[in-house]
Structure formats: structure tokens, C-alpha cells
Novice: 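Below is a structure I'd like to ask you about.
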Amino acid sequence: YMFSSIITTNIKLSSKFNYKGFNFGIKIGDFMKKIVCYLLISNLLISQDNVESLKEEALPNEDNVIENVKQDGDTGKENEDIINNPPGVENLPNAELPQSKSIELEVIPNTEEIEIENKLECCESDSKSNEISGLTYFDFSYSDDMGIFDIKRTFLNFSKKLSDQYNYTLVLDVGQDISHSYLRNAQIEIQPKQNSTFYLGIIDMNMFDVQQNTWGYRYIKKSAMEQYNFSPVADLGFGYKLRLNNFSLSTLLTNGEGYKTSVRDEFQKLSLQFLYGNKNLRSVRSGNAFNVGLSMSVEPFEDTFLNDADGGFITYDGDGNPTDLEDEIFEGMNSAISLFGGFTMQTFMGGLEINTLNSFDKSNPIEFGADGQEFGGDDTITSSSTYGDIKTSSLISTYFSFGITPKFNMFLRADIFDNNNAADVENDSETRVLLGFHFPISENMDLAPVLKYNIVEANDDPATDEDESASIDFGVNFQFRF
């Protein structure tokens with residue numbers, strides 16, 4: 001672009017200036033042709049990183065200007081006036097010009113415009129360039145007198161800005177076992193206006209993206225809703241997001257099964273998110289900020305469950321097949337709701353989320369009898385009141401981060417999960433606490449030693465009240481990115 005600008009510049013410029021008997025002449029035509037040819041050849045041999053040096057070679061100085069050319073039109077006259085009467089120099093006779101004064105000749109016009117255009121071209125080229133990055137989670141855990149190294153996940157990301165309105169993102173989710181690898185994102189973003197965006201493809205869900213940003217340590221543990229299967233992190237579908245100052249609205253219509261399964265049904269999931277405040281509190285470098293929001297999803301479904309016709313013992317035929325159990329069809333609506341909020345105050349950050357999930361209860365209702373045989377006349381139906389119906393699961397998660405030094409943080413997280421809130425369902429709750437420290441080893445690697453305190457209602461001894469099992473585990477988590 002710079003070369004074409006130089007060629008189109010009026011190269012027929014001519015001027016003459018006589019100073020104390022010394023004649024400055026300018027002949028640009030042939031000289032500029034040689035310079036342009038030289039630059040065109042040089043451009044094939046050097047990279048764009050040397051643009052600055054090319055400019056220096058392209059601009060001749062007064063020592064290079066040695067010949068005269070004829071005047072040509074008004075352009076030559078204007079330049080002659082500028083040279084004969086430079087700014088800041090009074091119209092004095094040549095003999096009276098002060099010796100200390102020096103006159104600088106600008107031979108190439110529009111140099112600043114060429115520089116600006118080159119910078120814009122570079123920015124445009126960079127913005128449309130391909131970007132490849134990666135992220136790996138691996139850890140060492142010590143539990144039950146065993147130490148194990150493990151690679152949790154590796155994400156490979158490719159993104160490209162197709163234009164000012166179109167972006168494309170491709171993310172591969174690779175497990176240590178290649179059979180557990182998935183296409184996590186294949187997403188097209190369309191931004192017709194600055195405050196609105198459309199999404200199409202395998203897109204990120206909007207149920208807990210804000211909460212995950214506030215938690216901030218995905219390589220240590222998943223966000224609560226993903227950890228306890230309240231919602232997938234990505235799914236195939238279509239979405240729209242609108243931003244109005246501090247308020248944003250996100251709407252998605254997706255398959256509902258998530259990106260890790262190829263099994264599809266005829267039902268779709270509708271997900272909504274209402275947010276007020278800063279979406280990513282970890283991007284706030286100084287001052288205070290907060291967010292508060294509500295996310296919810298609904299999806300119709302159809303499923304089957306076993307129904308005991310006589311409501312008592314299960315009857316089996318000679319082949320061991322139950323004769324009084326029948327499949328019944330149930331139609332209903334799965335739904336999830338999350339109320340969340342977070343804040344940051346300089347070196348302190350915290351978040352809280354309260355989640356509920358209404359889903360179909362089709363847990364195995366058969367309790368095998370005392371004979372120890374899988375099939376026998378003493379097997380009974382021991383289902384809870386929610387079996388074959390909608391059950392409600394609850395999840396409360398809170399997390400805090402303290403900046404001890406600019407590069408050394410302490411964090412605390414507690415999750416309280418109840419898989420079924422029904423009164424007649426016992427020993428199904430979990431409480432898990434994380435306490436650890438996070439600090440970067442380098443620009444590309446982070447390290448976090450973690451203590452994990454787990455309380456699980458395991459029904460160890462039904463004859464006593466000791467229905468809980470507690471354990472303390474230790475681990476060291478690493479995150480590597482490029």
C-alpha cells in the first residue's frame with residue numbers, strides 16, 4: 001500500500017532554491033522510479049516487521065537531491081513557495097539570512113498519511129489473523145494412602161476474526177483417553193451492532209458462565225452447576241445476547257443433551273440469563289465492582305419407568321423375569337434455576353450461588369432380598385415418593401479469594417449438595433470444602449496446592465447414627481497454557 005501511494009504521488013514536483021550561491025535542485029521523477037523499483041524488489045526479501053526501515057530508505061534527504069526539473073502546474077508553484085519561504089523564516093535578502101538558520105527540505109509529500117495508512121493496514125491484518133492457543137489441566141492427588149498423577153483435560157483452541165462482524169471459534173476437549181475427547185465448541189459469532197451478538201453452532205451455555213468467572217479456578221474444580229450436572233457447559237444450538245449499559249440478557253435454544261453425547265431427542269432446551277453488573281469480576285484491576293443475576297432453563301421430556309402392579313413383592317417367572325412390573329410413560333418438564341451474585345473489593349473477591357434442579361426420578365427402585373440373589377421372591381419395591389415423578393435437587397456454593405500478594409492468592413470454596421430434597425429420601429447429601437493457594441510459576445503455568453475436606457452421607461451403619469463418612473485429601477493442581 002505504501003508503494004502504490006508513493007507511485008501515485010505527483011512525481012513531477014520541481015522547485016529551485018539558491019542560498020548563498022549554492023543551488024539546491026530537485027529532480028524526483030527518475031530518482032523516485034529507481035527508489036520504488038528498489039523497494040518493490042526488497043519487499044520480496046524482507047518481512048513486514050521491517051516496515052520502519054523501508055520508510056527510512058524510501059525517503060530521500062537533501063543530500064540525495066542533486067538535479068533540477070522544470071516546473072509543472074500549481075503543485076510545483078506551491079512547493080516552490082514553501083521552500084523559498086519556509087515557516088518561521090522572514091523574507092530577507094539572501095545575503096542577510098542569518099548564518100545560524102538552517103532550512104529543511106521535505107521532498108516526499110503525504111508521508112504522515114502513508115504512515116497512518118500502513119498502521120491501519122497492520123492493525124487490520126492482525127485483527128483478522130488466526131489465533132491458536134491451548135490449555136492443559138493436570139494434578140497430583142493423594143487419597144486413601146495412594147498418590148496419583150493425572151491429566152484432567154486439554155483444550156485446543158483455534159479462533160479467527162473473519163471480519164468486523166463475524167468471528168469463528170473451534171475448541172477441542174481432549175482427554176487422556178482419546179475415546180473421551182469431544183468437539184467442545186464450533187461457534188460462529190455475528191455482531192451486527194456493538195451491543196448485540198448472535199451465536200450459532202456448538203456454543204457456550206449461559207447458565208453458569210458468570211459464576212465460573214467469579215470462581216476463577218476451573219483447573220482446580222469445575223463450577224458448581226457443571227460439577228453436579230445441573231447444566232452442560234456447551235451445547236448445539238442458537239443464541240442471542242443483548243447488552244444495555246450494566247444490564248445484559250442472554251437467550252439460548254439448544255438440544256439440551258450437551259456436547260459430550262451424540263444421543264438426541266425431539267425436545268429442545270430454552271435457557272435465559274438476566275445479569276446486572278460486571279460479567280467478569282476478575283477483569284477489574286482496581287476499585288469495587290459487583291454483579292447479580294438469574295439464570296434458568298426449561299426442557300420438556302418423555303421417559304419411562306417400572307411400575308409395580310400389585311405394590312408388594314415382585315413376582316418372577318421361571319426364567320427370572322419380573323411378571324408384575326410394567327413400563328409406564330411419563331411426560332414432564334426438566335428445569336434449573338440459579339440465583340447468583342459476586343463482588344470484588346481490591347484484594348478480596350467473593351461469590352454465592354443458590355441452584356435448584358427439577359428432574360425426573362427414575363432411580364432403581366428394586367431392593368434385592370436377604371437371599372443375596374439378584375432375582376428372588378423376597379425382592380421388594382423400595383422407591384421414594386418421587387420415583388416415577390419429578391424430584392428436586394438443591395445446590396449451594398460459595399467461594400472467596402484473598403490476594404495476599406499481587407501473585408499469591410488464597411481461596412476457599414464450599415459446596416452443599418442434596419440430590420433429592422424429599423423427606424423420605426435419606427443419606428444422599430454431600431458437603432465438600434476446598435482450601436488452597438494459587439500462584440503463577442511463570443507466564444504460562446500456575447500452581448495450586450489444595451486441601452479437600454469431604455463429608456458424604458454414606459449410610460455406613462444403619463443401626464447407628466454414624467451415617468456420614470468424612471475424608472481429607474491433598475492435591476497439587478497445575479495449569480499450563482500457550
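All heavy atoms count here, side chains included; hydrogens, waters and symmetry mates do not.
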Novice: Give every residue pair that meets the ring pair (Phe, Tyr, Trp, His ring centres under 6.0 Å) criterion with at least one member in residues 186-213, sequence neighbours excluded.
Specialist: Phe198-Tyr240
Novice: Phe439 and Lys407: side chain to side chain contact (heavy atoms under 4.5 Å, CB included), yes or no, with the steps?
Specialist: CA-CA 6 Å; Phe439 58 92; Lys407 292 187 177 182; 5.5 Å; no
Novice: For the pair Phe140 and Phe149, name the ring-plane relationship: parallel under 30°, tilted 30 to 60°, perpendicular over 60°.
Specialist: tilted
Novice: Looking at Phe360, Phe267, Phe330, which hits side chain to side chain contact (heavy atoms under 4.5 Å, CB included) with Glu302?
Specialist: Phe267
Novice: Would you compute the distance between atom OG of Ser397 and atom CZ of Phe230 and round it to the nearest 0.5 angstrom?
Specialist: 10.5 Å
Novice: Do Gln187 and Glu189 have a side chain donor and acceptor closer than 3.5 Å?
Specialist: yes
Novice: Ignoring hydrogens and angles, tell me if any N or O in the side chain of Asn246 forms a donor-acceptor pair with the backbone of Gly277 under 3.5 Å.
Specialist: no
Novice: Determine, stepwise, if the pair Val171 / Leu156 fulfils side chain to side chain contact (heavy atoms under 4.5 Å, CB included).
Specialist: CA-CA 6 Å; Val171 179; Leu156 299 177; over 6 Å; no
Novice: Thinking salt bridges, do Arg264 and Glu257 make one under a 4.0 Å N-O criterion?
Specialist: yes
Novice: Verify side-chain hydrogen bond (donor to acceptor under 3.5 Å, both in side chains) between Thr136 and Thr154, making sure each step is shown before the conclusion.
Specialist: CA-CA 4 Å; Thr136 298; Thr154 293; 3.3 Å; yes
Novice: Between Asn206 and Gln273, does any side-chain donor sit less than 3.5 Å from a side-chain acceptor?
Specialist: no
Novice: If we ignore angles and hydrogens, is there a donor and acceptor under 3.5 Å between the side chains of Ser338 and Glu353?
Specialist: no
Novice: Counting heavy atoms not belonging to Asp177, are there more than 12 under 6.0 Å from its CG?
Specialist: yes
Novice: Distance-only, no hydrogens or angles: does the Asp144 side chain make a donor-acceptor pair with backbone N or O of Met146 under 3.5 Å?
Specialist: no
Novice: Using modelled atom types and a 3.5 Å cut-off, is there a donor and acceptor pairing between side-chain atoms of Gln212 and backbone atoms of Trp215?
Specialist: no
Novice: Would you say the side-chain atoms of Ser231 pair up with the backbone N or O of Met225, donor to acceptor, closer than 3.5 Å?
Specialist: no
Novice: Identify, with sequence neighbours excluded, every residue that meets ring pair (Phe, Tyr, Trp, His ring centres under 6.0 Å) alongside Phe155.
Specialist: Tyr137
Novice: May I ask you to check if Arg432 and Tyr399 form a cation-pi contact, with NZ or CZ under 6.0 angstrom from the six-membered ring centre and within 45° of the axis?
Specialist: no
Novice: Does Arg413 form a salt bridge (Lys or Arg N to Asp or Glu O under 4.0 Å) with Asp415? I'd like the steps, not just the answer.
Specialist: CA-CA 7 Å; Arg413 170 173 162 177; Asp415 296 341; 2.8 Å; yes
Novice: For the rings on Phe247 and Tyr276, is their centre-to-centre separation under 6.0 Å?
Specialist: no
Novice: Please step through side-chain hydrogen bond (donor to acceptor under 3.5 Å, both in side chains) for the pair Asn185 and Thr169, ending with a clear verdict.
Specialist: CA-CA 7 Å; Asn185 288 100; Thr169 302; over 6 Å; no
Novice: Between Thr304 and Glu328, do the side chains contain a donor N or O and an acceptor N or O under 3.5 Å apart?
Specialist: no
Novice: Run through His180, Lys260, Arg153, Arg184 and flag the one making a side chain to side chain donor-acceptor pair (under 3.5 Å) with Asp173.
Specialist: Arg153
Novice: Are the side chain of Thr214 and the backbone of Val210 linked by a donor-acceptor contact shorter than 3.5 Å?
Specialist: yes
Novice: Can you tell me if Asn291 uses its side chain to pair, donor with acceptor, with the backbone of Gly341 under 3.5 Å?
Specialist: no
Novice: Grab the two heavy atoms, one from Ala336 and one from Leu357, that are nearest each other, plus how far apart they are.
Specialist: CB-CD1, 4.0 Å
Novice: Take Lys269 and Met205, measure what side chain to side chain contact (heavy atoms under 4.5 Å, CB included) needs, and give me the verdict at the end.
Specialist: CA-CA 11 Å; Lys269 175 185 287 188; Met205 295 295 292; 4.2 Å; yes
Novice: Indicate yes or no for a side-chain donor-acceptor contact from Ser223 to the backbone of Glu226 under 3.5 Å, with no hydrogens or angles considered.
Specialist: no
Novice: I'd like to know whether Lys362 forms a salt bridge (Lys or Arg N to Asp or Glu O under 4.0 Å) with Asp303, so could you lay out the CA-CA distance, the side-chain angles of the two residues, the decisive distance to 0.1 Å, and finally the verdict.
Specialist: CA-CA 9 Å; Lys362 56 178 299 183; Asp303 210 336; 3.2 Å; yes
Novice: Considering only NZ, NE, NH1 and NH2 on the basic side and carboxylate oxygens on the acidic side, decide whether Lys391 and Asp389 come within less than 4.0 Å.
Specialist: no
Novice: Do Leu236 and Thr254 make a side-chain contact, defined as non-hydrogen atoms from C-beta onward lying under 4.5 Å apart?
Specialist: no
Novice: Using modelled atom types only, decide if a donor and an acceptor are shared between the side chain of Thr398 and the backbone of Gly351 within a distance under 3.5 Å.
Specialist: yes
Novice: For the residue pair Phe411 and Tyr217, is the inter-centroid distance of their aromatic rings smaller than 6.0 Å?
Specialist: yes
Novice: Looking at Ser393, is its backbone amide N or carbonyl O close enough to the side chain of Asp418 to form a donor-acceptor pair, meaning the two atoms are under 3.5 Å apart?
Specialist: no
Novice: Looking at Ser295 and Met207, would you say the former's side chain and the latter's main chain have a donor-acceptor pair under 3.5 Å?
Specialist: yes
Novice: Hey, are Asp139 and Tyr219 close enough side-chain-wise for a donor-acceptor pair under 3.5 Å?
Specialist: no
Novice: For Met345, does the CE atom sit with more than 12 other heavy atoms under 6.0 Å from it, leaving out its own atoms?
Specialist: no
Novice: In terms of side-chain heavy atoms, does Asn358 have a donor or acceptor partner in Thr392 at a distance below 3.5 Å?
Specialist: yes
Novice: Quick check for you: to the nearest 0.5 Å, what is the distance between Phe158 atom CZ and Ile132 atom CD1?
Specialist: 6.0 Å
Novice: Once the angle between the rings of Tyr259 and Tyr182 is folded into 0 to 90°, is it parallel (under 30°), tilted (30 to 60°) or perpendicular (over 60°)?
Specialist: perpendicular
Novice: Take Leu395 and Ile416 through the side chain to side chain contact (heavy atoms under 4.5 Å, CB included) test and state the conclusion after the steps.
Specialist: CA-CA 6 Å; Leu395 171 62; Ile416 303 174; over 6 Å; no
Novice: Are Ser271 and Met296 close enough that some pair of their side-chain heavy atoms sits under 4.5 Å apart?
Specialist: no
Novice: Could you check Phe402 against Phe348 for ring pair (Phe, Tyr, Trp, His ring centres under 6.0 Å), going step by step and ending with a plain yes or no?
Specialist: CA-CA 5 Å; Phe402 311 88; Phe348 180 72; 5.0 Å; yes
